[in-house]
Amino acid sequence: LAIIPFAIFGGLAFTIPYALTGIFLGAEFPSLIGSLFGLAAVVFAAKKDTRTFWYGVPAVVSYGLVALHSDYIYDFVLNIFILFPIQIIGLYYWQLHLEDEHHVKVARPKHLTWILLGSGIAILLLGTVLYEPIAITILGQPSDITGIYRIFDATTTILTIVAQIMMIKRYSIQWPMWITINILSVA
């Protein structure tokens, strides 16, 4: 828990200049920088290195700011209010399981973990499919994203959260989920 003030300071030290850069230079510049930090985070994650979270913080903050600038409110909320705290939690959790100064030991999911994971994803995906009829019934209007794109969007959001949790738990099986997320995001 002693790392939390430093993590918050690091996030603010990055966010404030980054937001000003986005305002004065446009959203493309922060997006480019965020992509580079995201790439570094992936490289360090592949090496089982705790520095993945230090690069993950500016990546999720930058994408959150770009999403806010582009009026993608759900992506903004996902990145700032879910993925940003997950970076701090992940760093803390990985620090508890170090093999050496920066590298963490990979864990294997247990049988019950697979059952809970599969059930959770199935329930969330069912909710995604049923969202539109429920929204029309209760709100009297459909969502802004319709059809198969709504399912892709919701699925990538759900899988992103699940993959992040699997990364925090140090499960190497997270990688196929990230590949699926990337495929669905491009589709």
Side-chain angles (χ1 to χ4, degrees), residues 3-45 51-93 121 124-125 127-129 131-132 134-136 138-168 174 177-187:
I3 200 167
I4 291 175
F6 182 73
I8 292 171
F9 170 75
L12 290 175
F14 175 79
T15 303
I16 293 169
Y18 199 78
L20 293 173
T21 304
I23 291 168
F24 294 112
L25 296 177
E28 295 81 13
F29 187 74
S31 179
L32 175 65
I33 299 299
S35 298
L36 293 174
F37 276 104
L39 180 61
V42 169
V43 169
F44 281 111
R51 289 175 281 196
T52 187
F53 297 106
W54 291 111
Y55 287 98
V57 167
V60 298
V61 168
S62 64
Y63 188 70
L65 294 174
V66 169
L68 180 63
H69 183 268
S70 302
D71 290 329
Y72 297 146
I73 301 303
Y74 295 119
D75 282 340
F76 167 74
V77 170
L78 172 69
N79 281 275
I80 300 301
F81 296 108
I82 297 173
L83 298 182
F84 175 72
I86 283 177
Q87 300 304 307
I88 296 169
I89 293 166
L91 178 62
Y92 173 75
Y93 191 76
I121 291 173
L124 291 170
L125 291 176
T128 300
V129 172
Y131 172 77
E132 192 73 27
I134 292 170
I136 291 172
I138 295 172
L139 303 174
Q141 62 185 15
S143 66
D144 293 340
I145 303 172
T146 59
I148 194 73
Y149 300 110
R150 174 178 43 85
I151 294 171
F152 282 167
D153 185 54
T155 302
T156 57
T157 300
I158 293 163
L159 292 179
T160 297
I161 295 168
V162 171
Q164 281 286 342
I165 291 169
M166 291 177 78
M167 187 166 88
I168 288 173
Q174 65 173 302
M177 291 190 97
W178 286 117
I179 293 168
T180 304
I181 292 164
N182 290 335
I183 291 169
L184 292 175
S185 295
V186 173

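Just so you know, these numbers come straight off a predicted model, no measurement behind them.
Nearest heavy-atom pair, Tyr55 versus Ala41, reported as atom, atom and distance to 0.1 Å: CB-N, 3.7 Å. Minimum heavy-atom separation, Gly64 to Phe76: O-CD1, 3.1 Å.
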Met167/Phe53 under side chain to side chain contact (heavy atoms under 4.5 Å, CB included): CA gap, chis, key distance, verdict: CA-CA 10 Å; Met167 187 166 88; Phe53 297 106; 3.5 Å; yes
Residues 78-87, side-chain donor-acceptor partners within the protein, below 3.5 Å, at least two apart:
residue, atom, partner, partner atom, Å
Asn79, ND2, Asp75, O, 2.8
Gln87, NE2, Gln164, OE1, 3.4

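Annotation: the span from Leu91 atom CG to Ile168 atom CD1 amounts to 10.0 Å, rounded to 0.5 Å.
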